[in-house]
Amino acid sequence: MPFADIDGGICPGERRALYQLVASLKPARVLEIGTHIGASTLAIARSLATHSGPGAHLTTVDIVDVNDPTHGAFARLGLASPRENLMRAGLSDRVTFIAKPSSEYLRETDDRFDLIFLDGDHAAPAVYREFAQALNCLTPNGAILLHDFYPDGRPLYPNGSIEPGPVVAAERITAECRGIGFLPLGELPWESKQGVRTTSLAFATNCVGAVRRGGMQVH
Ligand SMILES: C[S@@+](CC[C@H](N)C(=O)[O-])C[C@H]1O[C@@H](n2cnc3c(N)ncnc32)[C@H](O)[C@@H]1O
């Protein structure tokens, strides 16, 4: 699989990980928050087309119109637009693009998803709010996957950088919502980036139980 064919967005090793996760979970409906240049979008759509049923679909939401040459990051980076990349891969009909803030989309939608991938605004209050709203948009066995999850706020990569928001949000969620936990995926069987195998992908656990108990109040 050509996982290195778009520069930017999530790294090639994590695109491959997303592809494999979707291949094994076989979700029919996936929601992605944070389209950006569509690197993760393409990996998820490819896997849905190959491994899920014929009607399997991805909805991807970004606060900017990612396919607009003025606003989309692709043009600044000299890339093809996310829509163009999907078209070239024969996957246009697998993906719906939504240009609006995630909070608005999650509040308004009646759709329910088997897998929700959070890779939008990484500030802790935004992730906390998105997570609470996402719980209400899951199918009964649905799962939430986070990107840029740095356990204990420690660096995962040789360059020492961290993105603190998602793990800070997760600590608040586990403190407030009984039963929910977070499972960092740890090491991939292949390189993620900077010469290491570590991934910042993490699943939320026991979302189903939390939804059964009424989910979380969105403050
Ligand atoms: C880290 S990038 C996502 C990378 C993408 N998954 C990829 O692999 O190409 C984060 C994206 O989230 C979007 N974003 C930021 N705040 C948002 C919000 N409140 N609602 C929806 N999208 C948001 C940004 O515009 C940006 O495109």
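Atoms within each ligand, like the ligands themselves, are counted from 1 in listed order.
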Nearest 0.5 Å, please: how far is [atom2] in [Y] from [atom1] in [X]?
{"X": "Leu146", "Y": "His122", "atom1": "CG", "atom2": "NE2", "result": "8.5 Å"}
{"X": "Leu106", "Y": "Leu118", "atom1": "CG", "atom2": "CG", "result": "8.0 Å"}
{"X": "Phe182", "Y": "Ile180", "atom1": "CZ", "atom2": "CD1", "result": "6.0 Å"}

* To do: From the options Gly34, Gly9, Pro101, select the one whose nearest heavy atom is closest to atom 5 (C) of ligand 1.
  => Gly34

* To do: Kindly identify the option in Asp65, Ile98, Asp121 whose heavy atom sits closest to atom 15 (C) of ligand 1.
  => Asp121

Do any nitrogen or oxygen atoms of [X] come within less than 3.5 Å of a nitrogen or oxygen of ligand 1?
{"X": "Ile33", "value": "no"}
{"X": "Asp62", "value": "yes"}
{"X": "Ile10", "value": "yes"}
{"X": "His122", "value": "no"}

* Asked: Looking at ligand 1, does Gly38 have a heavy atom less than 4.0 Å from it?
  -> yes

* Listed by chain and number, what are the side chain to side chain donor-acceptor pair (under 3.5 Å) partners of Asp114, not counting sequence neighbours? -> Thr139

* Is the count of non-hydrogen atoms from other residues, nucleotides or ligands lying under 6.0 Å from Arg212 atom CZ greater than 12? -> no

Nearest protein heavy atom with distance in Å, relative to [atom]:
{"atom": "atom 2 (S) of ligand 1", "result": "His36 CB, 3.7 Å"}
{"atom": "atom 20 (N) of ligand 1", "result": "Ser102 N, 2.9 Å"}
{"atom": "atom 22 (N) of ligand 1", "result": "Ile63 N, 3.1 Å"}

* Asked: What do we get for Thr35 next to ligand 1 when only non-hydrogen atoms under 4.0 Å count, side chain, backbone, both or neither?
  -> backbone

* Return yes if some donor-acceptor pair links the side-chain N/O of Arg213 with the main-chain N/O of Arg178 below 3.5 Å, else return no. => yes

* Could you verify whether a donor N or O on one side chain and an acceptor N or O on the other, from Glu14 and Thr199, lie under 3.5 Å apart? => yes

* Side chains of Thr41 and Glu32: donor-acceptor distance under 3.5 Å anywhere? -> yes

* To do: Would you mind running through ligand 1 and noting each atom that sits below 4.0 Å from a heavy atom of Ser40?
  => 5 (C), 6 (N), 7 (C), 8 (O)

